[in-house]
Amino acid sequence: MTPSIALLRRAALALCAAIGLTSCGVGQDGTGLVPDAQTTGVVTGFGSVIVDGIRYDVDRADIRLDGASGARATDLRVGMVVTVTGALAADGASGTATEVRHDTLLDGLIEAVVGSQELRVLSQRVLADDTTVVAGVLEFAALRAGDRVRISGLRAPDGSLLATWVQRETGAAAPRLTGFVTAVGTGTVRVAGVQVDISAARLVGVTPGTLAAGQLVRLTLQAPPSGAAAVATELALIDLRLPDSVSKRQIQGIVDGWNAQAGRLVLAGQSVLIDARTQFVDGSVSDLAVGVRIEVSGRLEAGRELRAERLRIRRAPLAAYGRGAVDSVDLAGRSFRLFAAPGVEVRLRAGTLFDDTSTEGPLSLARLQPGDQVLVFGRESGTHIDADLVRRLPPRTPGAGIGGAVSEIAGTRLTILGMAVTTNALTNYFDAQDRPMTQAEFYAALRPGDLVRAEGAHVNGAISALTLRRVR
């Protein structure tokens with residue numbers, strides 16, 4: 001909050017007191033706004049802050065990072081899971097934020113690298129997918145045991161964490177773990193499968209007598225957990241209470257509980273009612289189950305239950321992939337072409353994440369230029385990619401790649417997303433578990449429709465592959 005806004009707020013409150021009013025309509029942040037909506041989801045872009053397709057003006061918002069007020073919009077990152085409270089515009093696609101909150105789920109050392117898309121941090125299983133945004137290293141697979149990382153994401157019912165944003169940090173810091181309390185004992189709490197001794201911990205926002213299962217807490221630990229046990233130096237309660245004025249919610253998360261007979265599910269602690277009026281996107285009610293990732297929006301009713309008006313099944317991205325130089329950009333068509341003609345068309349959709357690892361600043365379609373090096377993950381649609389993630393790479397990043405279902409096999413020449421893929425004597429082959437294969441083994445097992453990723457160089461309208469890897 002700037003000094004001028006703070007002075008206005010104090011003046012407004014003083015006037016209220018002087019004339020005996022309990023409310024002057026100045027809103028929670030002193031801006032005159034009364035928040036009527038809350039959105040919890042992944043930051044997908046900037047130019048204000050875009051969360052799950054909703055563009056929020058955050059110029060006057062109180063931005064809180066891990067409980068600390070006074071952060072700036074520039075401290076937020078694409079891929080972070082945030083909760084935005086504010087006033088939603090009539091179009092439902094924009095609004096003005098009064099508060100933005102981000103809580104890091106894990107901050108600690110990597111204990112083990114389990115696979116190309118799995119880590120173990122603070123005794124937690126951390127999973128990634130092709131849309132996980134990684135900072136500090138070029139890709140998730142470059143992370144190593146002993147690296148310190150900060151992680152934002154979504155908790156699954158089995159206790160694992162789906163990372164939406166991972167940043168490799170420099171320097172040392174006390175480990176931190178954020179999660180829901182599942183049990184309270186004498187001087188202990190159980191959070192995310194870890195039994196934590198809080199007998200000597202500083203308590204913030206809560207007293208021992210008011211600690212209860214279901215509360216979201218941030219724990220600062222003396223050391224990483226040992227044998228699923230740890231000692232905390234601080235426990236801070238994260239207040240999840242909604243302002244009384246909030247009547248609309250949009251939440252992205254992983255289903256914790258589902259009662260098909262009653263039409264009720266639990267998502268990030270929120271009870272959600274599903275009925276015949278719920279509009280399904282990318283699925284149907286039969287797709288709902290514990291562990292499914294969804295996005296739901298609707299209105300809060302009696303008892304603060306959320307009646308779902310729209311529910312989208314967030315399916316795992318298919319392995320449509322492209323990496324190389326942008327050839328052309330179509331702003332009106334919300335698309336761009338990767339590689340020189342004929343190339344591969346990349347189409348944007350609501351919720352496409354934009355990330356920038358170059359030095360050019362926040363990325364959007366309007367700021368994408370021919371010649372920019374990008375990496376794209378998404379869903380295959382014929383010979384197109386419907387993008388889940390577009391990441392601009394540093395200038396002069398070498399190489400090019402294409403990935404998706406093989407549509408044609410002609411000897412050792414493949415076609416993927418309409419793009420020819422050629423091989424030579426230097427090409428290396430790998431199976432879906434990243435084990436080396438011979439050329440004969442690779443092609444003997446290959447069938448049209450199999451998912452393959454090729455990395456190499458774009459030469460004469462084709463990808464000349466240095467590696468061919470089965471995705472599944």
Given side chains that start at C-beta, do those of [X] and [Y] come closer than 4.5 Å, heavy atoms only?
| X | Y | result |
| --- | --- | --- |
| Met437 | Arg469 | no |
| Val133 | Phe354 | no |
| Leu127 | Gln117 | no |
| Thr83 | Val100 | no |
| Leu368 | Val374 | yes |
| Leu143 | Val166 | yes |
| Ile294 | Phe280 | no |
| Thr423 | Leu468 | yes |

Can you tell whether the side chains of [X] and [Y] come within less than 4.0 Å, N to carboxylate O?
| X | Y | result |
| --- | --- | --- |
| Arg323 | Glu455 | yes |
| Arg101 | Asp62 | no |
| Arg148 | Asp107 | yes |
| Arg218 | Glu234 | no |
| Asp355 | Arg392 | no |

Checklist entry - Taking only residues two or more places apart in sequence or in another chain, which ones pass salt bridge (charged side-chain N to carboxylate O under 4.0 Å, His left out) with Arg249? => result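 In terms of salt bridge (charged side-chain N to carboxylate O under 4.0 Å, His left out), with neighbours along the sequence ignored, Arg249 is linked to no residue.
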So, does [X] use its side chain to make a donor-acceptor pair with the main chain of [Y] at under 3.5 Å?
| X | Y | value |
| --- | --- | --- |
| Thr233 | Gln222 | no |
| Ser271 | Val266 | no |
| Gln270 | Leu267 | no |
| Arg264 | Gln261 | no |
| Glu295 | Leu311 | no |
| Ser247 | Arg299 | no |
| Glu111 | Leu122 | yes |
| Asp36 | Leu88 | yes |
| Glu99 | Val84 | no |
| Thr164 | Ser152 | yes |

Roughly how far apart are [X] [atom1] and [Y] [atom2], rounded to 0.5 Å?
| X | Y | atom1 | atom2 | value |
| --- | --- | --- | --- | --- |
| Arg293 | Ile254 | CZ | CD1 | 7.0 Å |
| Ile151 | Thr178 | CD1 | OG1 | 11.5 Å |
| Asp287 | Arg312 | CG | CZ | 13.0 Å |
| Ser123 | Leu177 | OG | CG | 9.0 Å |
| Leu389 | Asp129 | CG | CG | 9.5 Å |
| Leu300 | Gln38 | CG | CD | 9.0 Å |

Next on the checklist: Pair Thr104, Asp66 - check side-chain hydrogen bond (donor to acceptor under 3.5 Å, both in side chains), show working.
Outcome noted: CA-CA 6 Å; Thr104 302; Asp66 296 322; 3.0 Å; yes
Checklist entry - Between Trp165 and His102, what is the ring plane arrangement, given parallel below 30°, perpendicular above 60°, and tilted in between? => result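 Judged by the thresholds at 30° and 60°, the geometry between Trp165 and His102 is perpendicular.
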Checklist entry - Using the ring of each side chain (for Trp, its six-membered ring), is Tyr429 parallel, tilted or perpendicular to Phe442, with breaks at 30° and 60°? => result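 Plane angle between 30° and 60°, so tilted.
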Item to check | Residue pair Gln195 / Arg190, side-chain donor-acceptor N/O under 3.5 Å | outcome: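 Arg190 and Gln195 do have a side-chain donor-acceptor pair below 3.5 Å.
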Next on the checklist: Given Arg379, which partner from the list Asp388, Asp282, Asp386 fulfils the salt bridge (charged side-chain N to carboxylate O under 4.0 Å, His left out) test?
Outcome noted: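 Checked Asp388, Asp282, Asp386 against Arg379; only one passes salt bridge (charged side-chain N to carboxylate O under 4.0 Å, His left out): Asp388.
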So which atom in [X] and which in [Y] form the shortest heavy-atom distance, rounded to 0.1 Å?
| X | Y | result |
| --- | --- | --- |
| Leu65 | Leu76 | CD2-CD2, 3.7 Å |
| Gln250 | Ile54 | OE1-CD1, 3.7 Å |
| Ala268 | Asp256 | N-OD2, 3.5 Å |
| Val191 | Thr182 | N-OG1, 4.5 Å |
| Gly67 | Asp103 | N-OD1, 4.3 Å |
| Thr220 | Ala174 | CG2-CB, 3.8 Å |

Next on the checklist: Quick one, Thr132 with Phe377, criterion side chain to side chain contact (heavy atoms under 4.5 Å, CB included). Give me CA distance, side-chain angles, the key distance, then yes/no.
Outcome noted: CA-CA 10 Å; Thr132 301; Phe377 284 109; over 6 Å; no
Next on the checklist: Which residue in the set Thr39, Leu33, Thr40, Thr98 passes side-chain contact (heavy atoms from CB on, under 4.5 Å) when paired with Thr85?
Outcome noted: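 Option passing the side-chain contact (heavy atoms from CB on, under 4.5 Å) with Thr85: Thr98.
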Checklist entry - For Val452 and Ile416, what are the C-alpha separation, side-chain angles and deciding distance, and is it a side chain to side chain contact (heavy atoms under 4.5 Å, CB included)? => result CA-CA 8 Å; Val452 170; Ile416 300 173; 4.2 Å; yes
Item to check | Verdict with reasoning, Arg168 to Arg144, per side chain to side chain contact (heavy atoms under 4.5 Å, CB included) | outcome: CA-CA 10 Å; Arg168 185 175 69 174; Arg144 297 289 181 264; over 6 Å; no
Next on the checklist: Between Gln124 and Arg155, is the side-chain hydrogen bond (donor to acceptor under 3.5 Å, both in side chains) condition met? List the steps.
Outcome noted: CA-CA 10 Å; Gln124 310 292 296; Arg155 284 278 183 192; 2.7 Å; yes
Next on the checklist: Could you go through Arg310 and Thr278, starting from their C-alpha distance and side-chain angles, then the distance that decides it, and tell me whether this counts as side chain to side chain contact (heavy atoms under 4.5 Å, CB included)?
Outcome noted: CA-CA 5 Å; Arg310 185 177 184 274; Thr278 304; over 6 Å; no
Next on the checklist: For a salt bridge (charged side-chain N to carboxylate O under 4.0 Å, His left out) check, start with the C-alpha distance between Arg277 and Glu309, then their side-chain angles and the critical distance, and finish with the verdict.
Outcome noted: CA-CA 7 Å; Arg277 292 170 289 180; Glu309 296 173 349; over 6 Å; no
